[in-house]
Amino acid sequence: MKYLKYILIISLIVAVILISRSDYKSLYNKSFTFIVGQANKSRDAYNENVAGVMNTLNNNMKSINNSNKSTTPGALVVSEDYLTSDLKSIKLVGKNIIDITNKYRAENGNLPPLKENSKLDFSAEKKVQDMFVKQYFEHVSPSGVGVGDLGNEVAYDYIVIGENLALGNFKDDKSLVDAWMASPGHRANILNKRYQEIGVSVSKGVYNGKSVWMAVQHFALPKSACPTIDEVLHGIIDLDQQNINKMQMEINIRKSMVSSGVVYEGLTTNDQVTKYNSLISDYNKIVADIKEKINTYNEEVRSFNTCIAQVN
């Protein structure tokens, strides 16, 4: 009886230990499964949002590429009424040409005046000098450079850009602009509702062995006319994605260690579960934060694309 008593006590202790281990294992499995499920949901939502960003960004780049348009009417046919043989009397001034251009815009549909832009003045000047140096009078140079390329060369970000060219010894600034207004294609550029900015260059030089004036108008709708896309935010999203990828690797390692039941980093299985759950909690917070950033970025892209569609 004495030994039976000890046997019963030992059996009871073993049963308690087994029950406790069973309860702990059950509790651990529930916690582990629940949090892993939450992490997988968060990762799926994050990956879906990142895919949305990249798709939207790619569509946005297509919109930008498609929207970078240029308008270049054909060669200007000039009536003798606008020209003079008295070269010494000619004095064409870019500022006056802009003022006269805006006067005609006001008289034809009360269009808003074009604002002079120094970068467009520079691109127009580059065009004038290039035509004299290479002896051509075309919208595209012998080396294949057009008005859009000139805009890029002077770091002018545009949605739409246009160009008017003139060659001849015009009586004055008004005669020059009148000649453009008498040509349907050039008139269309001057009265284009989309344009907001202008640059002008006029210069006298030698073309085909004769002293002659050349004039260039560059019109544009700047990219700043549409809502901006925060590329800094896009860079932050990329960095966050890299951090999340690193966390995913650590989560997978810890999951494997917990599942195998081995001691890892000197931690017991119970401590490993605690560490794992804490990491998952941090992971989910970062995922929630990046989702907000992605939604903000996507909204900026959508607003930009809507603006692009409206002006084209």
Side-chain angles (χ1 to χ4, degrees), residues 66-83 92 94 96-109 111-117 119-132 134-154 156 158-203 205 207-208 212-222 225 311-312:
N66 291 335
S67 68
N68 285 352
K69 297 179 179 179
S70 60
T71 54
T72 51
L76 177 64
V77 179
V78 182
S79 167
E80 292 294 329
D81 296 337
Y82 303 118
L83 304 178
L92 303 179
N96 295 341
I97 292 170
I98 293 175
D99 290 341
I100 296 168
T101 296
N102 282 331
K103 178 176 178 292
Y104 281 126
R105 284 176 63 87
E107 292 174 355
N108 292 269
L111 299 175
L114 299 173
K115 181 181 179 181
E116 184 176 9
N117 182 282
K119 289 185 177 181
L120 291 178
D121 284 336
F122 186 27
S123 64
E125 174 67 15
K126 286 170 69 73
K127 179 65 175 181
V128 167
Q129 297 307 321
D130 192 60
M131 288 192 294
F132 276 127
K134 297 177 181 176
Q135 291 292 288
Y136 72 96
F137 182 64
E138 300 289 343
H139 289 291
V140 179
S141 74
S143 57
V145 175
V147 62
D149 301 307
L150 291 171
N152 294 333
E153 286 181 12
V154 300
Y156 183 89
Y158 64 89
I159 297 171
V160 184
I161 192 167
E163 179 179 76
N164 278 353
L165 304 180
L167 170 67
N169 293 320
F170 296 89
K171 296 177 180 178
D172 51 30
D173 302 311
K174 185 176 183 303
S175 295
L176 169 57
V177 180
D178 285 346
W180 275 326
M181 287 293 289
S183 168
H186 300 81
R187 177 188 178 92
N189 265 347
I190 290 174
L191 303 181
N192 193 318
K193 296 179 181 179
R194 295 178 296 179
Y195 292 140
Q196 294 182 359
E197 298 183 339
I198 188 173
V200 172
S201 179
V202 287
S203 182
Y207 178 70
N208 284 344
V212 68
W213 283 79
M214 283 191 183
V216 176
Q217 281 182 318
H218 279 174
F219 310 89
L221 175 66
V311 300
N312 283 288

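Residue numbers run from 1 in the order of the sequence given.
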Q: Could you walk me through whether N164 and V216 pass side chain to side chain contact (heavy atoms under 4.5 Å, CB included), step by step?
A: CA-CA 6 Å; N164 278 353; V216 176; over 6 Å; no
Q: Check the angle between the aromatic planes of Y195 and F219 and answer parallel, tilted or perpendicular using the 30° and 60° thresholds.
A: parallel
**Q.** Which atom of I198 lies closest to which atom of L114, heavy atoms considered
**A.** CG2-CB, 3.7 Å
**Q.** Interatomic spacing from OH in Y158 to CG in N117 - rounded to 0.5 Å
**A.** 14.0 Å
**Q.** Least distance between heavy atoms, L176 atom then A166 atom
**A.** CD1-CB, 3.4 Å
Q.
Under a plain distance cut-off of 3.5 Å, with no hydrogens placed, do Y156 and E197 share a side-chain donor-acceptor pair?
A. yes
(Q) Does anything in residues 174-183 form a salt bridge (Lys or Arg N to Asp or Glu O under 4.0 Å)? List the pairs, not counting sequence neighbours. (A) K174-D178
Q.
Are L111 and L191 packed together at the side-chain level, in the sense that at least one heavy-atom pair is separated by less than 4.5 angstrom?
A. yes
**Q.** Contact check, side chains of K134 and S143, non-hydrogen atoms, under 4.5 Å
**A.** yes
(Q) If you compare all heavy atoms of A220 against all heavy atoms of L120, which two are closest, and at what distance to 0.1 Å? (A) CB-CD1, 3.9 Å
Q | Pairwise distance CD(E107) to CZ(R105) - rounded to 0.5 angstrom | A | 12.5 Å
Q. OH/Y104 to CE/M181 distance, rounded to the nearest 0.5 angstrom?
A. 6.5 Å
Q. Would a 4.5 Å heavy-atom cut-off, applied to side chains only, mark S201 and D121 as touching?
A. no
Q. What heavy-atom pair brings I98 and V200 nearest, and what distance separates the two atoms?
A. CG1-CG2, 3.6 Å
Q: May I ask you to decide if E163's main-chain N or O and N189's side chain share a donor-acceptor pair within less than 3.5 Å?
A: yes
Q: Begin with the C-alpha distance, continue with both residues' side-chain angles, and end with the deciding distance and a verdict on side chain to side chain contact (heavy atoms under 4.5 Å, CB included) for N208 and Q135.
A: CA-CA 7 Å; N208 284 344; Q135 291 292 288; 4.1 Å; yes
Q | For P142 against Y136, the heavy-atom pair lying closest together | A | CD-CD2, 3.4 Å
Q) For A225 and L221, which heavy atoms make the closest approach, and how far apart are they? A) CB-CD1, 3.6 Å
Q. For Q217 and W180, what are the C-alpha separation, side-chain angles and deciding distance, and is it a side chain to side chain contact (heavy atoms under 4.5 Å, CB included)?
A. CA-CA 10 Å; Q217 281 182 318; W180 275 326; 3.2 Å; yes
Q) Would a distance-only check, ignoring hydrogens and angles, find a side-chain to backbone donor-acceptor pair under 3.5 Å from H218 to G162? A) no
Q.
Nearest 0.5 Å, please: how far is CD1 in I100 from CG in D173?
A. 5.0 Å
**Q.** Donor-acceptor contact present, side-chain N102 to main-chain D99, <3.5 Å
**A.** no
Q) Rounded to the nearest 0.5 Å, how far apart are OG of S183 and CD1 of I190? A) 9.0 Å
Q | Verdict with supporting geometry, I97 and V177, side chain to side chain contact (heavy atoms under 4.5 Å, CB included) | A | CA-CA 7 Å; I97 292 170; V177 180; 3.8 Å; yes
Q. Rounded to the nearest 0.5 Å, what separation is found between the CG atom of L76 and the NE2 atom of H186?
A. 4.5 Å
Q: Look at atom OH of Y207 and say whether more than 12 heavy atoms of other residues, nucleotides or ligands are closer to it than 6.0 Å.
A: yes
Q | E153: partners by side-chain hydrogen bond (donor to acceptor under 3.5 Å, both in side chains), with sequence neighbours left out | A | K126
Q. Can you find a pair of side-chain heavy atoms, one from K127 and one from V145, that are under 4.5 Å apart?
A. no
